[in-house]
Amino acid sequence: MIFRFVLILVFVALPDAALGQNILPILSAVEGSSGSTEYSVTLQLLGLMTVLTLLPSILLMTTSFTRIIIVLSLLRQALGTAQTPPNQVLLGIALFLTIFIMEPTFGRVYEEAFQPYSNDEIALEEAIAKAQLPIKEFMLRQTREQDLQTFVTISPEPPTINTPLDTPLTVLMPAFITSELKSAFTIGFMLYVPFIVIDMVVASVLMSMGMMMLSPMIISLPFKLLLFVMVDGWTLLMTSLTRSYI
């Protein structure tokens, strides 16, 4: 599953890599027997290596990873547990939850674009166009219209958009990531509220008892952990994050 996930991310990012023949003329692209463009193995390897360096950005800009990792980080801060869970655990949770959420989308990319291309049924340009459609549909569902309109307006050359799917990725990606940041901080605010209430109650009790030198965080931390466990917080959070993309 992870290999398929990475493979599809690489394939979706091929539009930039496919332009390599314009930069390095020594690497040739020839006309195939069916009239399609065929790229040399060397050029394909160059494009693949280029795309691999962009995988982290692709992961952040086209999937649910950004929202999930920000919400998990804010939850850790709200609990006041410092580095628990550690960053590696949060990244692992965010990655596998992203794979779970994105599986239907990347499944369509794999079946509609990657498999036909690997079987030489369609050309690279057609495969890239088909691969972008499911990704665009996913991002458009999560992008606020106001954010999309903002980036269309501030574009140096505003594109002509007849349908939502006509939105170029150079405009859709920043609009999508902006909407994801807004959603993540909104969820983070809702997570903070109950824990702040516990901190305020504990601080008030300590002050009324004259124990002003004792840090309220030391006393409130066990209560916050107890509350989070009692309400089955991890399951609620994972379920809510997953359903927010349905």
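Since the structure is predicted, the reported quantities are computational estimates derived from the model, not experimental observations.
Side-chain contact between Q132 and L165: absent, with no pair of heavy atoms (C-beta onward) separated by less than 4.5 Å. Side-chain contact between M61 and T66 is absent, with no heavy atoms from C-beta onward closer than 4.5 Å. Side-chain atoms of I135 and F106, non-hydrogen and from C-beta on, do get closer than 4.5 Å to each other. Side-chain contact between P116 and K130 is absent, with no heavy atoms from C-beta onward closer than 4.5 Å. No side-chain heavy atom of L95 sits under 4.5 Å from any side-chain heavy atom of L91.
Listed by first then second residue, pairs satisfying ring-ring contact (aromatic ring centres under 6.0 Å, His included) with a partner in residues 182-203 number zero, not counting sequence neighbours. The stretch residues 201-239 participates, sequence neighbours left out, in these ring-ring contact (aromatic ring centres under 6.0 Å, His included) pairs: F228-W234.
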Can you give me every donor-acceptor pair (side chain of residues 67-74, partner residue at least two apart or in another chain, under 3.5 Å) with its distance?
unit_1	atom_1	unit_2	atom_2	d
R67	NE	E180	OE2	3.4
R67	NE	Y245	OH	3.1
R67	NH1	S244	OG	3.0
R67	NH2	Q142	OE1	3.4
R67	NH2	E180	OE2	2.6
S73	OG	I69	O	2.9

Please list, one pair per line, the donor and acceptor atoms closer than 3.5 Å that link side chains of residues 80-90 to other protein atoms, with sequence neighbours excluded.
unit_1	atom_1	unit_2	atom_2	d
T81	OG1	T84	O	2.3
N87	OD1	R76	NH1	3.1
N87	OD1	R76	NH2	3.0

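Considering every non-hydrogen atom in both I219 and L206, the closest pair reads CG1-CD1, 4.1 Å. Of all the heavy atoms in A113 and A127, the pair that sits closest is CB-O, 3.3 Å.
Residue Q146 qualifies as open at atom CD: its count of foreign heavy atoms under 6.0 Å is 12 or below.
Not counting sequence neighbours, the partners of P164 by the side chain to side chain contact (heavy atoms under 4.5 Å, CB included) test are L140. For S155, the side chain to side chain contact (heavy atoms under 4.5 Å, CB included) partners at least two apart in sequence or on another chain are P159, V171. Remark: Q149 pairs with T153 by the side chain to side chain contact (heavy atoms under 4.5 Å, CB included) rule, at least two apart or across chains. With sequence neighbours excluded, the residues satisfying side chain to side chain donor-acceptor pair (under 3.5 Å) with D232 are T235. Under the salt bridge (Lys or Arg N to Asp or Glu O under 4.0 Å) criterion, K136 pairs with no residue, sequence neighbours left out. Scanning for side chain to side chain donor-acceptor pair (under 3.5 Å) contacts around T163 gives D166, with sequence neighbours left out. With sequence neighbours left out, the side chain to side chain donor-acceptor pair (under 3.5 Å) criterion links S179 to D147. Residues passing the side chain to side chain donor-acceptor pair (under 3.5 Å) test with E145: none are found, sequence neighbours excluded.
L191 and L181 fall within a single hydrophobic cluster, where Ile, Leu, Val, Met, Phe, Trp and Tyr are joined by side-chain heavy atoms under 4.5 Å apart, directly or via other members.
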Intermediate values then yes/no, side-chain contact (heavy atoms from CB on, under 4.5 Å), T62 and F138: CA-CA 9 Å; T62 63; F138 170 80; over 6 Å; no

